[in-house]
Amino acid sequence: MSYLQKECTASELCDATRSTWKKIPVTYFQNLIEYLREIVFVIQSQSNSYHVRQAERRREDLLQQTQSLTQPPPLVLFLHSLTDNEGDWSILPLLPYFSLSFGKNSSWLVFLEEETKVKVTKLLQILRKFDRRKEWFLGKPLHDEESTIIHHYAFAENPSIFKYPDFSAAWALSFPLVDRLANKVKDDPLKSDFTIDLKHEVALYIWENGQGPRLTGVPELCTESEASQAAQHCATTLSNLSPLCGDPVKKEEIFVAVKTCKKFHNERVPVVKKTWERDASLLEYYSDHADPTIPTIDLGVPNTERGHCGKTFAIMKRYVSEAVPKTSWLLVVDDDTLISLPRLQMLLSCYDPSEPVCLGERYGYGLGQGGYSYITGGGGMVFSRTAVMKLLASGCKCYSDDAPDDMVLGMCFNALGLPVTHSPLFHQARPEDYSREFLNHQVPISFHKHWNIDPIAVFNRWLKDGLTSEIPQKFMKSTKEEL
């Protein structure tokens, strides 16, 4: 039985995207088919093998839904494979490509993440409500409760006034808007040095200080779990909360390196010991002062007020030496990083340590001008042993001890042609620096900074999984059957 053919007469077809089958006229259905041919789906994919598999499943699901609707099938693109530009994930540099390649025959560019499930017919019905000849920017709106460093304190007097899309719910641009923005990119090249929170920065670029369209909220673009009763009206849902691709990685396979310094031995290190240290099997504190009561290890690198590149490279050299047990994974964190190691064990079950993996929250530098991506250090940087070995073998090194370690690592991996891999579950800032709606559909792995918060209370609220280090059953919804 084909996708839209259940208990329908010859003059009717069925909408399979609802919990109850709704009969729709053939003429209306034919209009939907025509509309489908004008949509380009873009999966915000990544080149790591796990993420490629996830993207392929998402594309297969879209094509299965549409196989009885139209021939040829709709375009479903993988963002990571469109060009050789490292900065394609930032999307804005690709707008001229989208305009030139698809602008003549398409009406909508629809972006979705690897975990975004789409009810195609429902989505088509929603898009038909908007005049495709006009400029539209559609999505599920997020807003800041207070001005935040990750958004450069934008709209400080009234942060909630500016809306930006939750990428997890999917978002869409009409091609008249794509075409105009493409010309803007060509005529006025992107100048921003840093890409920090892409969804906010895309919305700012489109808004153009009030000259362009604001985000139009679409209630049917959702981040509810696909099994939730609240998702019945939704055109998009999320497939799972927390990745799990098999048995969680054993904690003995993760070596944890905590960067600290003498002045924080009594302030920050006790927080680590009272919260997440107990879940680590192999952990060392690295400082500019050897303190046997913690204990800390002095690597011979003087403390710097910023950067810490010398210290991080010394940690990596120690990691591959015989001074520490051999493990598959290295986690490097700051002494004010709050992290859930059991959740990290779950996440790492999806990655192959024989591949050069560099994982965490991805930022970008100079992506509009051929720059590079990097994993921001405060949220935690995870490296496979293979990645560390390749990095050190390359001879890439710090240009100074106080150079920014995360950015230098990004430059090194970029020079080696090794991609960094983004996970939104790592956070460079505090929970209050993110939209509540954004965090509501996450099982976060980390946060960063103790500024104006009680870090132990934050850990207990956001990252603690009960009285022991057992991984909570509520997050054990496995994707193994999909893999």
Side-chain angles (χ1 to χ4, degrees), residues 1-6 8 10-19 21-45 55-79 82 97-140 165 167 169-179 216 218-222 226 231-237 239:
M1 187 174 295
S2 63
Y3 178 61
L4 294 180
Q5 295 177 330
K6 183 176 181 180
C8 294
S11 62
E12 295 171 319
L13 290 165
C14 293
D15 179 0
T17 66
R18 297 174 180 267
S19 58
W21 292 73
K22 178 184 177 183
K23 297 177 181 179
I24 56 178
V26 167
T27 54
Y28 180 79
F29 175 72
Q30 290 172 337
N31 289 335
L32 289 182
I33 293 177
E34 291 298 321
Y35 220 71
L36 178 60
R37 295 186 182 125
E38 299 177 15
I39 296 177
V40 178
F41 292 97
V42 182
I43 299 175
Q44 293 176 240
S45 56
E56 288 173 344
R57 288 189 194 91
R58 190 59 52 234
R59 178 170 61 185
E60 181 181 354
D61 178 59
L62 288 169
L63 296 179
Q64 283 182 347
Q65 290 186 56
T66 59
Q67 65 182 354
S68 61
L69 300 182
T70 183
Q71 292 293 331
L75 285 171
V76 183
L77 309 177
F78 287 175
L79 188 64
L82 295 180
Y97 167 84
F98 288 129
S99 176
L100 179 64
S101 301
F102 311 110
K104 289 184 179 180
N105 300 313
S106 303
S107 297
W108 293 96
L109 199 56
V110 177
F111 294 89
L112 55 147
E113 295 192 333
E114 297 161 6
E115 300 299 330
T116 310
K117 300 207 74 171
V118 179
K119 301 175 183 177
V120 174
T121 308
K122 181 71 173 176
L123 179 64
L124 294 175
Q125 292 170 338
I126 292 165
L127 292 179
R128 286 188 80 249
K129 298 176 183 178
F130 298 92
D131 186 345
R132 56 192 169 183
R133 297 167 297 180
K134 297 182 178 180
E135 294 187 357
W136 291 104
F137 175 29
L138 309 179
K140 176 186 176 181
F167 283 177
W171 56 290
L173 304 175
S174 63
F175 261 93
L177 177 57
V178 173
D179 293 338
T216 297
V218 179
E220 294 87 354
L221 298 181
C222 307
E226 59 180 324
Q232 292 188 8
H233 77 289
C234 296
T236 60
T237 55
S239 58

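All values reported here derive from a predicted model rather than from experimental measurement.
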- Task: Take Val42 and Leu112 through the side chain to side chain contact (heavy atoms under 4.5 Å, CB included) test and state the conclusion after the steps.
- Result: CA-CA 6 Å; Val42 182; Leu112 55 147; over 6 Å; no
- List the steps and the verdict of side chain to side chain contact (heavy atoms under 4.5 Å, CB included) for Val118 and Leu62. CA-CA 7 Å; Val118 179; Leu62 288 169; 3.9 Å; yes
- Test Phe98 against Leu173 for side chain to side chain contact (heavy atoms under 4.5 Å, CB included), laying out the working first. CA-CA 11 Å; Phe98 288 129; Leu173 304 175; over 6 Å; no
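Ser101 is linked by a side-chain contact (heavy atoms from CB on, under 4.5 Å) to Tyr97, counting only residues two or more places apart in sequence or in another chain. Asn105 meets the side-chain contact (heavy atoms from CB on, under 4.5 Å) test with no other residue; sequence neighbours excluded.
Residues Leu123 and Leu221 meet the side-chain proximity criterion, which asks for heavy atoms closer than 4.5 Å. Between Arg37 and Pro74, the closest side-chain pair of non-hydrogen atoms is not below 4.5 Å. Residues Thr216 and Phe137 have side chains not in contact (no heavy-atom distance under 4.5 Å, counting atoms from C-beta outward). Using a 4.5 Å heavy-atom threshold, the side chains of Ile39 and Leu124 count as touching. With a 4.5 Å cut-off on side-chain heavy atoms, Glu220 and Lys122 count as touching. Residues Ile43 and Leu79 fail the side-chain proximity criterion, which asks for heavy atoms closer than 4.5 Å. Within the 4.5 Å cutoff, side-chain heavy atoms of Arg58 are placed close to those of Ser239. Side-chain contact between Val110 and Leu127 is present, with at least one heavy-atom pair separated by less than 4.5 Å.
From Glu56, atom CD reaches atom CD of Glu114 across 10.5 Å, with rounding to the nearest 0.5 Å. One distance of note links NZ of Lys119 with CD of Gln125; it measures 11.0 Å at 0.5 Å rounding. Residue Ser174 holds its OG atom at 7.5 Å from CG of Leu138, rounded to the nearest 0.5 Å. Here the straight-line distance linking atom NZ of Lys134 with atom CH2 of Trp136 works out to 6.5 Å at 0.5 Å rounding.
We find that Glu226 and Lys117 are joined by a salt bridge, their nearest charged nitrogen and carboxylate oxygen being less than 4.0 Å apart. Arg132 has a carboxylate O that lies under 4.0 Å from a charged side-chain N of Glu38, or vice versa, which qualifies the two as a salt bridge.
The two residues Glu135 and Leu177 make their nearest non-hydrogen contact at OE1-CD1, 3.6 Å. Listed here is the closest heavy atom pair of Ala231 and Thr237: CB-CG2, 3.7 Å.
Proximity of a side-chain donor or acceptor of Ser99 to a complementary backbone N or O of Asp179 within less than 3.5 Å is not detected. For Thr236 (side chain) and Ala169 (main-chain N/O), a donor-acceptor pair under 3.5 Å exists by modelled atom type. Side-chain atoms of Trp108 do not come within 3.5 Å of backbone N or O of Phe175 as any donor-acceptor pair.
Ring pair Trp171/Phe111 is parallel by interplanar angle, where below 30° counts as parallel and above 60° as perpendicular.
Annotation: cation-pi geometry not satisfied between Arg59 and Phe41 (NZ/CZ under 6.0 angstrom from ring centroid, within 45° of ring axis).
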